[in-house]
Amino acid sequence: MSLGEKLARVREDLGAAAKRAGRDLSEITLVGVSKTAPRPAIEEAFRLGLRDFGENRVSVAEEKFTPLPYPPNQASLHLIGHLQTNKARRAVKLFDIIHSVDDLRLAQSLNRYCAEFGKKMPILIQVNVSGEESKEGLAPVELGTTLEQVLRLDYLEVRGLMTLAPYTENPEEVRPVFARLQTLFEKHHPGTPAWRTLSMGMTNDFEVAIEEGATIVRVGRAIFQ
Ligand SMILES: *Cc1c(COP(=O)(O)O)cnc(C)c1O
């Protein structure tokens, strides 16, 4: 299948899932996870109308997105992978939104560089809902206190939560993970208008994630492989 056909199929499945869930398609953003894709594929995806790209490593993203593979400000680059504090400055320079903020020190460091660059950075707090040891993210019990502190940082716009569900062939197995993130999202609502994003769901399970309230799905293999 060509990239165009794959993208069309994902969009169709996404639309069908939104319809089943009685949700408006306009409130769901498809992020094409381009981490395995070469630059020409990213350029082609942009020509096909994709406007959001996700990368999980700062250095790889710097290589592929410098210069940008699309006209400036015409698409958004999402950092979806774990971020080390020593790469925070570079991340602030390159990315338009960071999904993987999972500790206060990292948030403080991002805030400092955003102040330096005069940039207000949209961020999501990553939560380890499933409690798998290998997964990054805050434990749900830590969310309240960390969120309260992160909300005080002037240069970060805290938009919501992100989670990485365990890998599975059967998406029904991870439905409870998505449902739990949605519950945490409501429970910890800070009352700010920016709080509107739930980033969850990948190739194997994005339809279930949409049924459980995802506003961003991060799809890699179904588009780029
Ligand atoms: C790779 C990756 C994805 C996309 O996964 P696919 O199974 O290829 O759709 C989504 N989120 C994160 C954090 C990833 O690292």
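On a predicted model such as this, the values are computed, not experimentally measured, just so you know. All ligand and atom numbering here is 1-based and tracks the order in the structure.
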ask   = Tell me, which pairs form a ring pair (Phe, Tyr, Trp, His ring centres under 6.0 Å) where one or both residues lie in residues 91-124, sequence neighbours left out?
value =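 Residue pairs with at least one partner in residues 91-124: His78-His99.
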Under a 3.5 Å threshold, I'd like every N/O contact between ligand 1 and protein atoms, with atom names and distance.
from, atom 1, to, atom 2, distance (Å)
ligand 1, 7 (O), Arg221, NE, 3.0
ligand 1, 7 (O), Arg221, NH2, 2.8
ligand 1, 8 (O), Arg221, N, 2.8
ligand 1, 8 (O), Arg221, NE, 3.4
ligand 1, 9 (O), Thr203, N, 2.9
ligand 1, 9 (O), Thr203, OG1, 2.5
ligand 1, 9 (O), Gly220, N, 2.8
ligand 1, 11 (N), Arg218, NE, 2.9
ligand 1, 15 (O), Lys35, NZ, 2.8

inquiry  = Does Arg112 form a salt bridge (charged side-chain N to carboxylate O under 4.0 Å, His left out) with Glu116? I'd like the steps, not just the answer.
reply    = CA-CA 6 Å; Arg112 207 159 44 240; Glu116 183 186 325; over 6 Å; no
request  = Could you list the residues that satisfy ring pair (Phe, Tyr, Trp, His ring centres under 6.0 Å) with Phe46, not counting sequence neighbours?
outcome  =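 Expected list: Tyr70.
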ask   = For Glu157 and Tyr155, what are the C-alpha separation, side-chain angles and deciding distance, and is it a side-chain hydrogen bond (donor to acceptor under 3.5 Å, both in side chains)?
value = CA-CA 7 Å; Glu157 182 181 85; Tyr155 288 87; over 6 Å; no
Can I get a per-line list of side-chain donor-acceptor pairs under 3.5 Å for residues 171-178, giving both atom names and the distance, sequence neighbours left out?
from, atom 1, to, atom 2, distance (Å)
Glu172, OE1, Arg175, NE, 2.8
Glu172, OE1, Arg175, NH2, 3.4
Glu172, OE2, Arg175, NH2, 2.9
Glu173, OE1, Thr168, OG1, 3.0
Arg175, NH1, Glu211, OE1, 3.1
Arg175, NH1, Glu212, OE2, 2.8
Arg175, NH2, Glu211, OE1, 2.8

ask   = Should Glu148 and Arg152 count as an ion pair when the cut-off is N to O under 4.0 Å?
value =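 Judged by the 4.0 Å cut-off on N to carboxylate O distance, Glu148 and Arg152 do form a salt bridge.
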